[in-house]
Amino acid sequence: MTKSNVQPTIFELSAPGRKGVQFPKSDVPTADLPKDFLREELPLPELSEHEVIRHFTNLSQLNHSVDNGFYPLGSCTMKYNPKINEETARLPGFAQIHPLQPAITVQGALGLMYETQKWLGEISGFDAVTLQPAAGAHGELTGVLIIRAYHRARGDEKRVKMLVPDSAHGTNPASSSMSGLEMVELPSDERGNVDLEALKAECDDTLAGLMITNPNTLGLFDENIHEVCQLVHEAGGLVYGDGANMNALLGIHRPGDSGIDVMHFNLHKTFSTPHGGGGPGSGPVGVTAELAEFLPFPQVAMTKEETEETLPFYDLITPKQSIGRVKAFHGHFGMVVRAFTYMLTLGKNGLRAVSEYAVLNANYLQALVKDTYHIPHERLCMHEFVAQGHWEDAPGIRALDISKRLMDFGFHPPTNYFPLIIPEALMIEPTETETKDTLDAFAETLLKIAEEARTDPEKLHNAPHRTPFGRLDEVKAAKELILRTQLPEGYGED
Amino acid sequence: MYIPHTNAEREAMLETIGQENLEDLFQCLPKDGRFPDLALPHGITEMEALDELQYIASANETTQELSSFLGAGAYNHYIPAAVDSLLRRGEFYTAYTPYQPEISQGTLQTIFEYQSLIAALTGMDISNASHYDGATAVAEAVNMAYHTFRGRRQKVILSPALHPHYRETVHTYMEGAPLEIVGEDLDPKAGPEELRPLLDKNTAVVIVQYPDFFGRIFDYAALGEAAHEVGALLAVHVNPLALGLLKPPSEFDADIVTGEGQPLGIPLAYGGPYLGIFATKQKYVRKMAGRLAGETVDDRGQRGYTLTLNTREQHIRRERATSNICTNQGLIVLASTIYMSLLGKHGLRQVAELNYHKAHYAAEKINTVPGYMVNPVQSFFNEFVVHCPRPAEEVNKHLLAHDILGGYELSKDYPELENELLVAITEMNTRSEIDYLIHVLLEE
């Protein structure tokens, strides 16, 4: 047994009487406390500032992150998060403004939001953009509600069917049903595109729309995208684009130009805002001019144009047939500042280079491993590709084992078991910010693991060996359901 | 700038792929509109970008420059330096959702500690790993209640004193469900007594706020009992900072507790990202949306944590999931966990009391200004309604002319409350700042 990496919890580190922060003494007379409402005990831990710093610093060192290693997680776009974005988001002029301040006192913030709406619209080919949604799934919900509102506004109540390809992210079907629509799954054809015959069969007058991810989760650009959109439009439906894979398309192709009506962006994927260990994200939604009046409120508008004497004036407005409010205040402004900084820094050429090199890296990596790992749809891929982690001559080995073994070499595993239509899927997205050397080392490791699968399968089954923790018992976690620290009797009483 | 390839490397890679140049990689895209000439400026250096952003930021007037008495769901609190110092660790903020527990224990243990702290603070059995903000947490509470009764109970009662943004968000989220949402058109100042008659066997949930949107503190125990008598759920939305002082909603036998976590060490940042708190009773654990971290052991016998009960979530359950939530507020969860760890039981109580005493001092002083009145009977925490002698909008304009960010004009959401201003006081407001506010009010 090597040294234990178990960290005590903050509750276990606590000792009565310690303090991590002091507030000034009250400078006003003491008021009577509301004795009917006072709580008797507050069972929170007591620590000094240094202990808190050391505890969380130690915890941080148990994480793999983009800053300390390759993170080829498919459909998550784990690219480098530029440090300047962290600085600009923390400028007092952005971090210390209240969301309900009068517009006249926050013209900088509103102007920045207005510009971001415009940039995102230009990049994607949409006429209007909302910055309200807090994450990709939240953007999907917003977009699907817009589609519903559009049909209803036309008195078209019978359109309740939403088509979702079988390669879609789980959030797509969940967003559809959350907004009261019926989800129908569409198969993919042998080239990984939406099956056109199956699509045609569903195009009737109950069709609300289609949710499509393009490039899809196989990393493939749908070669029939124009036809797909046309079929849906002819049947009276609208096309929703899941923009999770937009990192392949900046300055390359505008989804709005190919017939997509509504699309969400993931600022935390394409536009370099950090993933934060699971969030916060930001999921702006772009729409065609026809759908602009259904956007959630508030929307940022330029209510007075610039003149020779005066600056433009920006304000919050409510679109005419708005679907309503999707969260409090005005979206994840802090993430918008980061994304705007990123776009401003890169500019039009830099944005195009992002996608060119993201696609170069993915194709290069695919070329290096394709003779060893089966690629079910071997074409030029976009920013990611899907390989299979299984061989007939190594029957006991699964994608999971390969993933766990990769950790021993300092790599984060690819997304595995997704998309669901590929058995033992390993979905690999290197992003544009990785060097050729890193890709070479990663490919070499994958080939070595493929060899181990035949020669030493046990080594893979028991992996990882060199990480701070080994495989966690997930069955025990679900069975015992310990979801909080178990406090000893009397904890928190003085 | 962030792309590391040398020309030689690019050429070597293209050769391996078997393509001539970068443009060839996109040959399967429609020719029409390929490589659009975007109407955007060229890139600039980091140095220039910082300059540009500083210029934009300087057009905003901050709560540092102005004296702020604005709250209404977002509060200007002190954030200890240690919070941001830890948030800037790349190991935390450049990590993904902890789907690979062997190399994500830092994030997982943080979530587990957050769940433990929120459970302790609210008095509830369990907490999830967060929603986007207070508004979406409330909407998810309605969604959960609706699904708990499998759609058979179709009435939801919202207190008119629940934050207007939250009520609006509930309407948007639940648009697809056949729900009747009642209670909002009661007198805005209606208390729990007025909500009780609305309860019936068709009610899924009644939602109240604590302290409510007007800052008032009510005892919701009787309302909870009445709700439970007809089989409905009680959901209480809290300001978590107030729970440093006030008894937890578990004492009202709340079934769901939601909260806006922004007061726990999160900057105002013009409205986000904030933190949606969601806690409930053990018996509803499988009905609750969002991620959960659970304690377990690894194959070396070490105590560790992993995401658990994933079968409730969209990536497994797809169209049968009750919520589509995926990305949540990970880093904000970390910030609030650090904040609560630093303050601990005494610090949280101290800051809550500071808010309470300063707010009561301010209310008393404002009451002495001719024409201005604060309801002296009702208990409140750090926010209260001031009845003004003229429209609140005019009062605010006068205050702003003196570099004071006044309160929230209630007429924006309640047209009948034209002369009423919602004023918030926190530990950041010094006595002299409050006295200056009084001075400016007297002067008009």
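Lettering follows sequence order; numbering is per chain, from 1. Because only heavy atoms are used, hydrogens play no part in the values below, and waters and symmetry mates are left out as well, while side chains stay in.
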What part of [X] gets within 4.5 angstrom of chain A, counting heavy atoms only: side chain, backbone, both, or neither?
{"X": "B:Val333", "answer": "neither"}
{"X": "B:Thr97", "answer": "both"}
{"X": "B:Asn143", "answer": "side chain"}
{"X": "B:Pro80", "answer": "side chain"}
{"X": "B:Ser341", "answer": "both"}
{"X": "B:Leu22", "answer": "side chain"}

Heavy-atom contact with chain B under 4.5 Å, split by part of [X]:
{"X": "A:Met178", "result": "both"}
{"X": "A:His268", "result": "side chain"}
{"X": "A:Tyr364", "result": "both"}
{"X": "A:Leu100", "result": "both"}
{"X": "A:Glu434", "result": "backbone"}
{"X": "A:Arg471", "result": "both"}
{"X": "A:Leu33", "result": "both"}
{"X": "A:Asn68", "result": "side chain"}
{"X": "A:Leu73", "result": "side chain"}
{"X": "A:His226", "result": "side chain"}
{"X": "A:Ile123", "result": "both"}
{"X": "A:Lys79", "result": "neither"}
{"X": "A:His55", "result": "side chain"}
{"X": "A:Ser176", "result": "neither"}

Donor-acceptor contact below 3.5 Å, side chain [X] vs main chain [Y]:
{"X": "A:Asn5", "Y": "A:Pro468", "result": "yes"}
{"X": "A:Asn63", "Y": "B:Glu91", "result": "yes"}
{"X": "B:Arg431", "Y": "A:Asp27", "result": "yes"}
{"X": "A:Ser177", "Y": "A:Pro173", "result": "yes"}
{"X": "A:Arg39", "Y": "B:Leu121", "result": "yes"}
{"X": "B:Arg303", "Y": "A:Gln7", "result": "yes"}
{"X": "A:Asp257", "Y": "A:Gly125", "result": "no"}
{"X": "B:Thr63", "Y": "A:Gln96", "result": "yes"}

Item to complete: Kindly state whether the ring of A:Phe221 and the ring of A:His253 have centres lying under 6.0 angstrom apart.
Response: yes
Worksheet item: Ring centroid separation for B:Tyr356 and B:His360, is it under 6.0 angstrom?
Response: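 Close enough - the centres of the two rings lie under 6.0 Å apart.
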Taking every heavy-atom pair that is under 4.5 Å apart, which of [options] has the most such pairs with chain B?
{"options": "A:Gly350, A:Ser403, A:Gly278, A:Gly347", "answer": "A:Gly278"}
{"options": "A:Pro82, A:Pro24, A:Ala367", "answer": "A:Pro82"}
{"options": "A:Met183, A:Met407, A:Gln107, A:Arg254", "answer": "A:Met407"}
{"options": "A:Ala353, A:Ala328, A:Gly324, A:Ser14", "answer": "A:Ala328"}
{"options": "A:Gly20, A:Gly276, A:Gly180", "answer": "A:Gly276"}
{"options": "A:Leu145, A:Thr341, A:Leu481, A:Asn349", "answer": "A:Leu481"}

Worksheet item: Between B:Glu102 and A:Lys404, is there a salt bridge with N-O shorter than 4.0 Å?
Response: yes
Item to complete: State plainly whether the residues A:Arg325 and B:Glu168 are in salt-bridge range, i.e. N to O under 4.0 Å.
Response: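 Salt bridge: yes.
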Practice prompt. Please step through salt bridge (charged side-chain N to carboxylate O under 4.0 Å, His left out) for the pair A:Asp67 and B:Arg89, ending with a clear verdict.
Written response: CA-CA 9 Å; A:Asp67 278 1; B:Arg89 291 196 68 88; over 6 Å; no
Item to complete: Could you go through the salt bridge (charged side-chain N to carboxylate O under 4.0 Å, His left out) check for B:Lys358 and B:Glu427 one step at a time?
Response: CA-CA 7 Å; B:Lys358 286 177 183 249; B:Glu427 76 281 6; over 6 Å; no
Worksheet item: Can a donor-acceptor pair be found between the side chains of A:Glu140 and A:Ser175 at a distance below 3.5 Å?
Response: yes
